[in-house]
Asks: 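Have a look at this one.
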Amino acid sequence: MRAALRLFASAATGTVRPSARFLKPGSPTGLTGLGTHPSPRSALLYLYNQTLDKLKQIPEHSLYRQSSEALTKHRLAIVEQYKPEGYDAWQARASKLLNEHLHDLTARQYDGQQARVAFGSDGRVYFIRQMITPKDWRDVEYDGAVQTPHTSWDGARYPSEVEITEEEIVELEESYKPETMDRFRELARRLAKEKGFTDDVAEKSPVEWEAEPQLTAEQVAEMEAKIGSGLIEEVIQVAEGELKLVDIMAKAKAWEALEEDAPEGQWTYFERKQ
């Protein structure tokens with residue numbers, strides 16, 4: 001059913017095109033809030049190799065490490081079986097671009113995304129764009145500070161209550177003139193440059209990152225069938241959760257014995273008996 005929904009969602013016109021070769025990045029997958037991933041192969045390669053690298057901090061006798069390594073290696077082997085058409089040529093161009101313009105590519109934002117380069121434990125170099133999430137002040141815990149009378153809200157004021165002199169009116173009118181606003185913008189850009197901030201609107205990157213070639217819809221469908229855990233976007237979400245879980249398990253030291261031994265026969269009910 002999900003594969004059928006993806007076909008309907010990826011159709012650009014009113015008629016379904018089952019012969020469409022590629023899935024459109026960002027298009028609906030048929031699952032609410034989950035869009036088509038632009039490069040699932042690279043995402044899974046990075047996540048799986050990072051997971052395997054972090055699992056090394058857990059003792060080898062840990063059942064969690066043994067089971068996680070086995071599952072991750074199995075899925076990694078499946079992903080590595082697929083390579084998009086023209087990948088080798090693109091990899092050569094991407095390597096040259098990173099070597100020549102590494103700072104320029106990572107110093108600016110791309111449509112609200114911050115770019116960074118990560119060196120994977122598998123020897124690959126990953127160019128990652130992460131969405132910058134603005135801070136929601138509603139989630140910040142109130143520290144009990146009381147606002148001063150100068151900054152506190154004292155209610156709406158009627159025009160008749162506000163006394164403005166003619167000199168102030170002239171000054172306000174001058175500040176909203178186009179030439180005055182241009183001077184303000186130029187001053188803000190200069191101050192931002194002096195402080196080390198970048199203006200992602202005025203200073204666009206002179207080089208553009210070339211996206212990785214896409215897997216065909218058929219390749220994605222085959223990979224999903226072999227992994228057997230739903231859509232490839234769902235597999236990526238699970239891999240992200242597994243990567244975070246490794247740090248939690250390492251911090252908790254779940255492989256160590258309990259402080260108090262469990263009573264004899266407590267876990268008999270949960271044993272797997274043939």
Asks: Just by modelled atom types, is the Ser95 backbone N or O under 3.5 Å from a matching donor or acceptor in the Asn99 side chain?
Replies: yes
Asks: Distance-only, no hydrogens or angles: does the Glu240 side chain make a donor-acceptor pair with backbone N or O of Leu47 under 3.5 Å?
Replies: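 Absent.
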Asks: How long is the straight-line distance from CD1 of Ile78 back to NE2 of His74, given to the nearest 0.5 Å?
Replies: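 Separation between the atoms: 3.5 Å.
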Asks: Side-chain heavy atoms nearer than 4.5 Å, only ILVMFWY residues, links allowed to pass through others: does that put Leu71 and Tyr48 together?
Replies: no
Asks: Minimum heavy-atom separation for Ala239 to Thr51, with atom names?
Replies: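 Result for this residue pair: O-OG1, 4.5 Å.
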Asks: On a heavy-atom basis, which atom in Pro263 and which in Gln266 lie closest, and how many Å separate them?
Replies: CD-OE1, 2.7 Å
Asks: Counting only heavy atoms from other residues, nucleotides and ligands, does the tally under 6.0 Å from CD of Glu256 exceed 12?
Replies: yes
Asks: Less than 4.5 Å apart, side chain to side chain, heavy atoms only: is that true for Gln81 and Glu222?
Replies: no
Asks: Testing the basics here: between Lys24 and Thr36, what is the closest heavy-atom pair and its distance to 0.1 Å?
Replies: O-CB, 3.4 Å
Asks: With hydrophobic residues grouped by side-chain heavy-atom distances under 4.5 Å, do Val238 and Leu55 end up in a single group?
Replies: no
Asks: Near Glu218 CD, under 6.0 Å, is it more than 12 heavy atoms from other residues, nucleotides or ligands?
Replies: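 12 or below, so no.
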Asks: Given 3.5 Å as the limit, does a donor-acceptor pair link the side chain of Thr29 with the main chain of Leu34, or not?
Replies: yes
Asks: Quick check against the 3.5 Å criterion: does Ser42 have a side-chain atom that pairs as donor or acceptor with the backbone of Ser39?
Replies: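 Not confirmed, Ser42 side chain does not pair with Ser39 backbone.
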Asks: What closest approach, in Å, do Pro213 and Gly86 show between heavy atoms, and which atom pair accounts for it?
Replies: CG-O, 3.9 Å
Asks: Find the distance between OG1 (Thr216) and OH (Tyr82) and round it off to the nearest 0.5 Å.
Replies: 9.5 Å
Asks: So which atom in Pro84 and which in Arg41 form the shortest heavy-atom distance, rounded to 0.1 Å?
Replies: CD-CD, 3.8 Å
Asks: For the side chain of Glu69 and the backbone of Gln66, is there at least one donor-acceptor N/O pair under 3.5 Å apart?
Replies: no
Asks: Rounded to the nearest 0.5 Å, how far apart are CD1 of Ile58 and CG of Leu63?
Replies: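 It comes to 11.5 Å.
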Asks: Drop me the distance from Met223's CE to Arg75's CZ, to the nearest 0.5 angstrom.
Replies: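 That separation rounds to 12.5 Å.
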Asks: Do you know which two heavy atoms are closest between Leu23 and Gln214, and how far apart they sit?
Replies: O-NE2, 2.8 Å
Asks: Between Trp255 (side chain only) and Glu60 (backbone N and O only), is there a donor and an acceptor less than 3.5 Å apart?
Replies: no
Asks: Could you please spell out the steps behind the side chain to side chain contact (heavy atoms under 4.5 Å, CB included) verdict for Tyr64 and Val246?
Replies: CA-CA 9 Å; Tyr64 166 71; Val246 177; 3.5 Å; yes
Asks: For Lys83 and Gln91, run side chain to side chain contact (heavy atoms under 4.5 Å, CB included): C-alpha distance rounded to whole Å, both residues' side-chain angles, the deciding distance at 0.1 Å, then the answer.
Replies: CA-CA 12 Å; Lys83 185 181 292 186; Gln91 189 177 35; over 6 Å; no
Asks: Main chain of Val235, side chain of Ser229: is a donor-acceptor contact present, judged purely on distance under 3.5 Å?
Replies: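 Flag not set: sc Ser229 to bb Val235 has no pair under 3.5 Å.
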Asks: Are Lys54 and Asp247 close enough, and set up right, to give a side chain to side chain contact (heavy atoms under 4.5 Å, CB included), and what steps lead you there?
Replies: CA-CA 8 Å; Lys54 285 193 173 185; Asp247 290 330; 2.8 Å; yes
Asks: Before you tell me yes or no, could you show the steps for Leu215 and Ile232 under side chain to side chain contact (heavy atoms under 4.5 Å, CB included), namely the whole-Å CA-CA distance, both residues' side-chain angles and the distance that decides it to 0.1 Å?
Replies: CA-CA 12 Å; Leu215 293 171; Ile232 199 68; over 6 Å; no
